[in-house]
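The structure under discussion appears below in the form of structure tokens.
Each ligand, and each atom within it, is numbered from 1 in the order the structure gives.
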Amino acid sequence: MRTAQVILDIPTRALSDAFTYEVPAPLIPAIDIGCCVRVDFNNRPALGYVLAIVEEPNATLDYARLKPIDQVLTSSLFTQNASELAQWIAHEYISPLSEAIRLFMPPGASPRLSRDEKGEYVLRQPQVHPVDDRWVSLTEEGQSYIPKRTAIRQRAVIETLRSGEMRVAELSLTFSQISSILNVLEKQGVVRIENRRHIRGMAQMPQRTKETVILTDGQSQALTLIMNAVERKDGSVVLIDGVTGSGKTEVYLRAISRVLAKGQSACVLVPEIALTPQTVGRFRGRFGDQVAVLHSRLSSGERYDQWDLIRTGAARVVVGARSALYAPYADLGLIVIDEEHEGSYKQESSPRYHTRDVAHKMAECLGITLVLGSASPSLESLRQCQMGEWHCVELPERACGRPLPAAQVVDLSKELQAGNKTMFSRALQQALRETIEREEKAVILLNKRGFSSFLLCRDCGYVPECDSCSVSLTYHRGAIPVEYDRGLKQAGGSGYLMCHHCGAIREVPTVCPKCGSRYLKQLGPGTEHAAEQLEMILPEGTPIIRMDADTTRNKGAHERLLEEFMTAETGVLLGTQMIAKGLDFPDVTLVGVLIADVTLKLPDFRAPERTFQLLEQVAGRAGRAEKDGHVIIQTYWPEHYAIRAAAAHDRRAFMAAELPIRKELGYPPYARLTNIIIKSEDKKLVRDAAVELGDALRALIDGPRDLFSDSPSAIHDCCEVVSPISSWQVLGPAPCLFSRLRGDYRWHILIKSPCDADISTVIEPIIRSCRMPRGVSVSVDVDPADLF
Ligand code: ADP
Ligand code: ZN
Ligand code: ZN
């Protein structure tokens with residue numbers, strides 16, 4: 001008898017295992033791995049997906065009791081490889097298998113089962129959405145057409161099209177209401193729009209830009225490493241650690257063209273924010289029609305269409321955001337992850353996977369090569385290279401030969417002492433005036449990611465920290481809420497400080513414990529305030545473009561502001577971290593960071609790393625074209641290793657300072673973290689549930705503090721929980737930094753475990769067996785990106 005392993009399309013952890021069903025003889029020709037089927041579950045109809053088909057008899061199965069599959073509803077929606085990877089993802093990130101398998105299916109491709117008014121089950125087949133297959137290119141006249149100066153959007157569209165033709169759907173990534181702009185341009189004979197559905201994949205376009213540049217030594221070395229790895233077919237990882245503009249993309253392009261020559265496909269992942277027509281244009285410029293683009297704003301019809309081109313091998317290069325990893329590649333040969341350190345590679349909803357780790361697993365399974373690139377690689381990746389697990393090439397210089405901009409660090413406490421109470425140091429004021437005088441442009445960053453408030457001594461820069469977690473304490477107004485107070489001494493009336501990692505509470509000091517100053521303040525004037533001060537500093541009429549959550553709330557506002565800055569003769573772009581990434585302004589010669597300490601003092605152990613990366617990125621924005629750039633970093637902590645290292649472009653110095661701290665406190669890359677979040681609308685219920693779960697976890701897994709004993713972890717490769725487990729640690733429960741979100745009160749428990757620990761096998765059964773009261777939900781985040 002033939003049986004099938006079916007995962008039900010019901011996303012709960014309790015139903016995470018596949019069930020065995022009988023495959024009746026008439027269904028045998030139709031059934032395959034990846035098919036959506038209709039089955040009976042608890043005397044109700046349910047949908048499920050076939051994970052495996054078993055032909056050999058199984059002695060442990062009671063065949064007489066098996067239920068048959070009722071109906072095969074679709075052809076195969078995913079492959080056997082996908083099925084195996086989904087099972088790995090579900091296990092690794094403690095998430096329902098039905099959700100993990102969905103990653104591998106185009107959204108909207110599977111049928112749904114719902115009940116009508118009479119309570120009868122009805123099957124809804126997927127709707128096919130129309131696909132926008134319009135392609136747009138410049139006409140002969142269009143090549144030399146110069147639009148009016150005021151037609152900012154037309155100019156930007158034409159500029160983008162100069163790199164070659166594009167799908168209209170791709171242009172809509174950056175241009176809102178692209179259709180109306182194109183209509184105008186088409187009427188004027190500037191662009192040509194054609195429907196290309198049937199041409200695609202049959203007549204492939206020739207390469208447009210050739211491999212013209214001669215690779216630098218570093219680039220050649222990177223390419224050789226990658227191609228050797230490809231030949232070995234052993235799932236190797238190559239990290240290209242190269243400054244902005246060092247020619248990483250050129251290396252990807254060459255490696256991809258060699259992989260294509262072998263008849264294989266390649267996948268290029270970029271952060272969503274960097275998925276612009278310019279990025280796509282570079283790949284399409286080299287590989288023409290073979291490029292498919294996948295991003296989150298495609299309609300499901302369009303996505304389905306792209307997936308079809310990928311599956312059939314018509315599109316062999318896929319450029320996309322993280323979900324593009326799961327496309328049905330025809331013979332995948334190479335995965336590239338650009339800007340691998342980016343936080344957006346971690347999915348924030350279930351399954352909470354990290355793209356880098358899934359890609360690594362995929363590379364291992366398929367015996368293909370994973371290429372990571374970044375100007376500021378994550379410590380996790382650098383550590384793998386340090387240990388010799390991964391290969392690494394450094395590209396320390398820009399390909400065009402221009403030097404990295406010089407960076408100057410300004411001590412803000414000295415400014416205050418000198419009587420300057422503005423947010424702009426004297427050095428920055430002067431540099432700004434000079435930049436505007438020369439009719440160049442400046443970018444000023446006020447990073448407000450510091451949504452949390454902390455105390456800062458404006459005289460010496462002191463920020464209170466938690467003794468055991470090495471993160472800054474968060475300042476809260478008022479008295480300690482009773483549900484937080486676990487026998488701790490009530491702090492004074494003016495507020496209290498809390499560590500949102502371990503829950504420790506401290507009093508607010510009245511004077512700075514370090515220097516005795518009374519000027520101990522909550523940090524944080526905003527961009528509006530900064531813009532007002534800028535107006536006073538700069539000559540009247542200087543364009544000041546403010547970009548933050550307020551000014552970009554309306555649709556298209558973001559792009560309009562950028563266009564305004566791009567087309568201005570001179571001016572200042574002032575904004576939050578949304579201006580730091582993915583943007584490339586050739587005429588910016590000055591970059592200023594108003595208070596680098598804001599990110600440095602976030603209550604997160606990754607704060608120094610994030611600050612270092614941010615400063616590296618920001619610095620990379622200046623002086624990209626002919627003119628030299630200048631960077632000014634303002635801080636209360638000029639001596640902090642993250643600031644000094646970023647200013648000196650010295651990664652080694654940063655790592656030498658940061659890694660020992662991570663090691664001592666048991667943070668990644670020396671340990672793995674799991675963040676368990678407990679939520680409820682009921683304040684008391686959630687606290688009690690969190691404490692109970694914390695106790696249950698502690699009883700089973702808390703161990704001595706020697707996280708880094710050389711002996712392999714006792715639970716590795718073990719299917720049952722062994723108790724007690726040495727070298728694990730449970731922290732909390734503590735209220736989350738965002739202690740209330742969308743009406744829910746939130747607490748969290750943080751678990752540290754050894755690097756090689758099989759977290760899921762240990763934690764999952766505990767969570768499953770710990771019954772949560774009604775209205776309390778638990779979510780588990782393995783390898784979290786942050787702990788908010
Ligand atoms: P990255 O991806 O590291 O930011 P790019 O690949 O985008 O760098 O290269 C930056 C610029 O330098 C691009 O304009 C690219 O065309 C150019 N470039 C890349 N490699 C070379 C080379 N070997 N010689 C000259 N120019 C190069
Ligand atoms: Zn002080
Ligand atoms: Zn703490």
Check each heavy atom of Ile214 against ligand 1 and say whether those closer than 4.0 Å belong to the side chain, the backbone, both or neither. backbone
Listed protein N/O/S atoms, distance to the Zn ion (ligand 3) under 2.8 Å: Cys466 SG, Cys469 SG, Cys499 SG, Cys502 SG
Assess, by modelled atom type and distance only, whether the side chains of Ser374 and Glu340 contain a donor and an acceptor separated by less than 3.5 Å. no
Val213 versus ligand 1: do any nitrogen or oxygen atoms come within less than 3.5 Å of each other? no
To atom 15 (C) of ligand 1, the nearest of Arg282, Glu339, Glu250 on a heavy-atom basis is Arg282
Within ligand 1, which atoms have a heavy atom of Thr216 less than 4.0 Å away? 23 (N)
Does a side-chain N-to-carboxylate-O contact under 4.0 Å join Arg506 and Glu465? no
May I have the angle between Cys460 SG and Cys457 SG with its vertex at the Zn ion (ligand 2), rounded to 10°? 110°
Note: Val243, heavy atoms under 4.0 Å from ligand 1, region reported as backbone
Thr369 side-chain N/O to Val230 backbone N/O, donor-acceptor pair under 3.5 Å: yes
Closer than 4.0 angstrom, basic N to acidic O: yes or no for Glu394 and Arg651? no
For a quick check under 3.5 Å, do Thr216 and Gln219 share a side-chain donor-acceptor pair by atom type? yes
Would Gly242 count as a contact residue for ligand 1, given that I'm defining contact as a non-hydrogen atom of the residue lying under 4.0 Å from a ligand atom? no
Ion pair Glu609/Arg662, N-O distance below 4.0 Å: yes
If you measure from the Lys or Arg side-chain nitrogens to the Asp or Glu carboxylate oxygens, is any gap between Arg322 and Glu342 under 4.0 Å? no
Only heavy atoms of Gly247, strictly under 4.0 Å: list the atoms of ligand 1 that pass. 1 (P), 3 (O), 5 (P), 6 (O), 8 (O), 9 (O), 19 (C)
Side chains of Ser376 and Gln613: any donor to acceptor distance under 3.5 Å? no
Can you tell me if Arg746 uses its side chain to pair, donor with acceptor, with the backbone of Ile678 under 3.5 Å? no
Using a heavy-atom cut-off of under 4.0 Å, does the side chain or the backbone of Thr249 touch ligand 1, or both, or neither? both
For Asp338, is there an ion pair with Lys248 - N to carboxylate O distance below 4.0 angstrom? no
